[in-house]
Amino acid sequence: MTVRVRYAPSPTGLQHIGGVRTALFNYLFARANGGRFVLRIEDTDRERYSQAALQDIYDTFAWLGVSWDEGPDCGGPYGPYFQSQRLDRYRRAADTLLQEEKAYECFCSAKRLAGLRSEGARDGVVGYDRHCRALNEQQRSSYRAQGITPVVRLKIPDQGAAAFDDMLLNTVKRKCKDLSPDPIILKSDGFPTYHLANVVDDHEMEISHVLRAQEWLSSTPLHILLYEALQYEPPRYCHLPFVTGKDGQKLSKRHGATSVIEFRKQGYLPEALINYIALLGWSYDDSREYFSLAELEKVFSAEKLNKAPAVFDYKKLEWFNGNYIRESSDERVLELIRPYLQAARFIPKDADTAEAGVVRAAIPLVKERLKTLSEAPGLLRFLFEDVTGAYNAEELVPKEMDAAGTKTILLAVRPLIAAQDDYDGEALEAEFRALADRHNTKLGNVMMPLRVAVTGSRSSPPLVGSLRLLGTERALQRVDAAIAKL
RNA sequence: GUCUCCUUCGUCUAGUGGUUAGGACACCGGGUUUUCAUCCCGGCAACAGGGGUUCGACUCCCCUAGGAGAUGCCA
């Protein structure tokens, strides 16, 4: 059987970690099994539809490097891939069900339904009371004459059960009486609900496997009933566990960033996100966890999926990100951090400027210190801004020294720097060492005051390299400013 | 309330009847180092609880507890 899977997002918000993981697993499943990956836009909710959200779907996956074989942007033999352009098919399916009396029209007002819900909440009874199921043709005409457009509800049998075989959960069986009574499948605006639309489309698009989040598990029996009523063959289902925050609840804003675009803005690399997300509910073996997308496409297997929910660990993502930054070429890191430095107004928008040259030279100094790209401006600030106001005199003074001693050291360091022009790293360091010896102190007690003076912070990129990037003139100014503070 | 799913270190997980229960992140300690970071070494730390089945259970079954999800003219 040809594997055909789909990712079916609804363009109502930004692509978030959970959705992207579902998409990734579908994509990997298709790739690993020589199948096709389809993007289908489920834009049946006109209230929440957003053009920006649609664009975000395209942007997110382009950035991640995940592409589909068929979709609204690239076409394919099973189009259209916007559900809003497939309304006739849903209508036809609903009409068939109506004709065969497997569904019925319902004229209940939103108000009546809301009343039902609040009564239900009080009495512990939930769901529609099937009021319109008993309507006769005369009553229906009368409602229609009043200008009420009906919705279509599926008749859930009160006997029997719906069962399916989940790839992860094995046999799942639900009694019909435990299903929500007679759910709406076609709304009064002529649009289908998710239930009808996904069944019709998965069938027509010949989707073989549906990997989706476990939040759908409880409505899958309903979908099975729909497949039976429509006399379609259902696909193979695989309900993926949730991605949660630290508190075990569905990942949401209060846990931190959730949309991919936010991670992107914060300076995460796509390969880090892909690698980390792939490991949320999936594993390869007992030791390997470092994978490129291309490698995942080869080794992904649904048998290794986990059925327990996974907590999203921001720290581990950071660790992956730091690794991928370190593994990147200096040239790439330069390109990656450029926008951040531009946003900080450290370098102009033009690509090749003197400032860009300095940044290029700084990459080796900062690369292994970056967990996210957005940390770059902080590490390099001293190269672009005067930092003499960023610290106070106490920070200049090492623990085992006093202000006077520190001043002496800085005064002694000054001519060493003044004499530099090529900044031979080893030579300068040797001179600092000699100076420390002469003053009967540790190298650190020479370096720390100088570091604070030059970079404005007790932690910085390697000092000698930083001095070289700063240049003699500015370095001396800062040493003088530090001396003045003491 | 009802229905359902889930349960191995703090976190992600390996494990499919016999293991000193392995790895990674985090954390702690040590080393390298001019700070920070990288890197290296080491440490802490788990089978939710109770019953079975079995010569033997983390692994199979049942119950309990805890967590989560669904219960929309949203997906």
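Throughout, a chain's letter reflects where its sequence line sits, starting with A, and its residues are numbered from 1.
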Any base atoms under 4.0 Å from [X], or only sugar-phosphate, or nothing? Heavy atoms, all strands.
X: A:Gly281; value: sugar-phosphate
X: A:Asn445; value: nothing
X: A:Leu179; value: nothing

Please determine, for B:C25, whether a Watson-Crick or G-U wobble partner exists with both distances under 3.5 Å, and give it or none. B:G10
Could you identify the nucleotide paired to B:U59, looking across every strand shown and requiring Watson-Crick or G-U wobble geometry with both distances under 3.5 Å? none
So, the side chain of A:Ser283 versus the backbone of A:Asp285: is there a donor-acceptor pair under 3.5 Å, distance only? no
Nucleotide N/O of nucleotides 19-21 of chain B paired with protein N/O under 3.5 Å:
none

Identify, with sequence neighbours excluded, every residue that meets side-chain hydrogen bond (donor to acceptor under 3.5 Å, both in side chains) alongside A:Gln266. none
At under 4.0 Å between heavy atoms, how does the protein contact nucleotides 27-50 of chain B? Give one character per nucleotide, 5' to 3', with B, S or -. -------BBBBSS-----------
Summarise protein proximity over nucleotides 60-75 of chain B in one line of letters, 5' to 3': B for base, S for sugar-phosphate only, - for none, counting protein heavy atoms closer than 4.0 Å. --------SSSSSBBB
Ignoring the backbone of A:Glu289, work out which of B:A24, B:U13, B:G23 is nearest its side chain. B:A24
Just to verify, what does A:Pro461 make a side chain to side chain contact (heavy atoms under 4.5 Å, CB included) with, not counting sequence neighbours? A:Leu365, A:Val366, A:Phe382, A:Ser466
For A:Tyr49, which residues count as a ring-ring contact (aromatic ring centres under 6.0 Å, His included) partner, sequence neighbours excluded? none
From the list A:Lys102, A:Arg133, A:Lys155, salt bridge (charged side-chain N to carboxylate O under 4.0 Å, His left out) with A:Asp182 holds only for A:Arg133
Thinking salt bridges, do A:Glu394 and A:Lys485 make one under a 4.0 Å N-O criterion? no
